[in-house]
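Here is how names work: the chains are called A, B, and so on, in the same order as the sequence lines, proteins then strands, and each is numbered from 1. Values below: all heavy atoms of this structure, side chains included; hydrogens, waters and symmetry mates excluded.
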There are 2 protein chains.
Amino acid sequence: MDTATLHPMAAARRKLLEAALSVIRSKGFEATTVDELCAVAGVAKGSFFHHFKTKQALGVAAAEYWSELTGAFFAAAPYHRHDDPLDRVLGYIDFRKAILTGKVPEFTCLVGTMVQEVYETCPEIRAACDASISAHAAKLEADIAEAMERHAVHAGFTAEGLALHTQAVLQGAFILAKAKGDAGVAAASVDHLRRYITLLFQPPKERNPS
Amino acid sequence: MDTATLHPMAAARRKLLEAALSVIRSKGFEATTVDELCAVAGVAKGSFFHHFKTKQALGVAAAEYWSELTGAFFAAAPYHRHDDPLDRVLGYIDFRKAILTGKVPEFTCLVGTMVQEVYETCPEIRAACDASISAHAAKLEADIAEAMERHAVHAGFTAEGLALHTQAVLQGAFILAKAKGDAGVAAASVDHLRRYITLLFQPPKERNPS
DNA sequence: GACATTATACCGACCAGTCGGTATACATCT
DNA sequence: AGATGTATACCGACTGGTCGGTATAATGTC
């Protein structure tokens, strides 16, 4: 995906946003300095404050940029091809597991990291992070709702609630991965999530009583 | 529980640690200043650096203090009384859900918040947070292992993995609660976790095929 | 030449950490 | 008992450096 073609944008602005994604995911929002973002982006400080009124404004813009990027990334993923909506949901989970590669800051979530720090101190960033997570969950929610319809599952939960739960598991898996410095523990949690959804949608009559 | 009697400790030191718990859970580690901790603790700055060599050292001490406090808190919880280990596990989950009350910073996890920020920049704090999470999970792991034995469940996962998964769900639930400013979404995720464990340990033959 | 963008120099606030010093408790020696 | 030494606890002014943000000049670009 060529990120430059998503929206026309001044070069310095996009370079600053790209820098923000990588630096903030590594060090968090507060520990990230404007000077470092400029250095990584190869841009002077004046450009930063030309494009973003404050550091907080950059935080909001970074969350929105993250939403755009991940939206396009998941929209292009192969799991949407399945006919059965349940296969699309499980395909999403498998896809999330498959991209747990490389170093920890490379597969963790920008908005999950940011919202932990600023949820009480900066309502604008908090709202932008919430919007990003909720928009992502909403796409999955559609498939879950369809799968619940198709497989006649209605027991005690909503499509929205289950979609948000998947995000909770992923965000929590990232925290464990950060604590242990290892992606394996995150993958194991995603496995549990997959098993849960499989059990939820498994028709009781066909359960193997071995 | 009288925290003062857990370990003898200079008054200023304990007041600083208590201040650290509440301030860091609200604003994160980086945004918390030594001056603010001193102000909240009602202690002079000199005392801070008498008890903690650096701010990072306070972070490590806060994680260890958190481990002590939560360890005692959960050890005293009522769910341990159940005879069936599975009831203890489900009792733990119910207890976790029951304490999701009050404002968000009051029920979220100090070490989960801290490790997100510093996992790359401060290995000492990262390790202390990992130790806190892992020790907590280990207590639950014992009950899970016993429940797996008792209920003859061995399918595709380990007691350790499931114990860590519960922590992932809880940590992720906290992130969603922070993003939405609402404890309800966290409780909903804990409900899903409970349902998952129930399904895992439900004997296939007795499943209700309604 | 008008306008958006980028670069450089700079400022005031703030922050982690230092330093000199006081207070208290408890030994040990005379 | 009183004097002396010593370790811990606590205090608050100070400092060197960093950070977010500003002012202004220089560039492109139509």
Side-chain angles (χ1 to χ4, degrees), chain A residues 4 7-24 26-63 65 114 117-118 120-126 128, chain B residues 3-24 26-63 65 114 117-118 120-125 128:
Chain A
H7 282 310
M9 193 191 298
R13 180 182 164 90
R14 187 169 48 248
K15 281 192 286 185
L16 283 166
L17 287 173
E18 289 290 338
L21 296 199
S22 90
V23 178
I24 295 176
S26 285
K27 325 198 343 177
F29 181 73
E30 292 290 343
T32 296
T33 68
V34 173
D35 285 326
E36 182 178 5
L37 289 179
C38 292
V40 171
V43 150
K45 204 168 179 179
S47 301
F48 182 98
F49 286 100
H50 172 74
H51 290 288
F52 307 102
K53 227 185 78 181
T54 63
K55 188 190 172 191
Q56 286 192 0
L58 167 100
V60 173
Y65 187 58
M114 271 205 296
E117 286 183 74
V118 301
E120 281 237 325
T121 50
C122 181
E124 294 85 3
I125 297 182
R126 197 224 90 243
Chain B
T3 62
T5 60
L6 267 180
H7 282 310
M9 194 191 300
R13 181 182 163 90
R14 188 169 45 249
K15 281 192 287 183
L16 283 166
L17 286 173
E18 289 290 340
L21 297 198
S22 88
V23 178
I24 295 176
S26 283
K27 324 197 349 175
F29 181 74
E30 291 290 343
T32 297
T33 68
V34 173
D35 284 324
E36 182 177 3
L37 289 180
C38 294
V40 171
V43 149
K45 202 166 183 179
S47 300
F48 183 98
F49 287 100
H50 171 73
H51 290 288
F52 308 103
K53 224 186 77 181
T54 62
K55 188 189 169 190
Q56 287 192 358
L58 166 100
V60 173
Y65 187 57
M114 271 205 297
E117 286 183 74
V118 301
E120 281 237 325
T121 50
C122 181
E124 295 85 3
I125 297 183

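The CD atom of A:E30 sits 18 Å away from the P atom of D:dT18 (whole-angstrom rounding). Taking atom CZ on A:F48 and atom P on C:dT8, their separation rounds to 18 Å, with Å as the unit. Whole-Å rounding puts the B:E36 CD to C:dA13 C1' distance at 16 Å. Between A:D35 atom CG and C:dA7 atom C1' there is a gap of 14 Å when expressed in whole angstrom units. As a whole-Å value, the separation of B:L37 CG from C:dA16 P is 8 Å. Rounded to whole Å, atom C1' of D:dG20 lies 11 Å from atom CZ of A:F29. Atom pair A:R13:CZ and C:dA7:C1' shows a separation of 19 Å (rounding to whole Å applied).
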Hey, what are the protein-to-nucleotides 23-28 of chain D N/O distances that come in under 3.5 Å?
none

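Atoms OH and CZ, from A:Y65 and A:R14 in turn, are 6.5 Å apart once rounded to the nearest 0.5 Å. Note that the CG atom of A:L17 and the OG atom of A:S22 stand 11.5 Å from one another [nearest 0.5 Å].
Between A:V118 and A:T121, some side-chain heavy-atom pair lies under the 4.5 Å cut-off.
B:H50 pairs by the side-chain contact (heavy atoms from CB on, under 4.5 Å) definition with nothing, not counting sequence neighbours. In this structure, the salt bridge (Lys or Arg N to Asp or Glu O under 4.0 Å) partners of A:E36, at least two apart in sequence or on a different chain, are A:K27. For B:K15, there are no side-chain hydrogen bond (donor to acceptor under 3.5 Å, both in side chains) partners, not counting sequence neighbours.
Of all heavy-atom pairs spanning A:A19 and A:V40, the tightest one is CB-CG1, 3.7 Å.
Rounded to 10°, the helix from C:dG1-D:dC30 to C:dT30-D:dA1 has 10° between the axis fitted to its first five pairs and the one fitted to its last five.
Judged by closest nucleotide on DNA chain D, B:S47 is the one of A:T33 and B:S47 placed further toward the 5' end.
Of the residues in residues 49-60 of chain B, B:F49, B:T54, B:K55 come within less than 4.0 Å of DNA chain C through at least one heavy atom, sorted by number.
Listed by first then second residue, pairs satisfying salt bridge (Lys or Arg N to Asp or Glu O under 4.0 Å) with a partner in residues 40-50 of chain B read B:D35-B:K45, not counting sequence neighbours.
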Show me the side-chain donor-acceptor pairs of residues 52-63 of chain A shorter than 3.5 Å, one per line, residues at least two apart or across chains.
residue: A:T54; atom: OG1; partner: A:Q56; partner atom: N; Å: 3.3
residue: A:T54; atom: OG1; partner: A:A57; partner atom: N; Å: 3.0
residue: A:K55; atom: NZ; partner: A:F29; partner atom: O; Å: 3.1
residue: A:K55; atom: NZ; partner: A:E30; partner atom: O; Å: 3.4
residue: A:K55; atom: NZ; partner: A:T32; partner atom: O; Å: 2.8

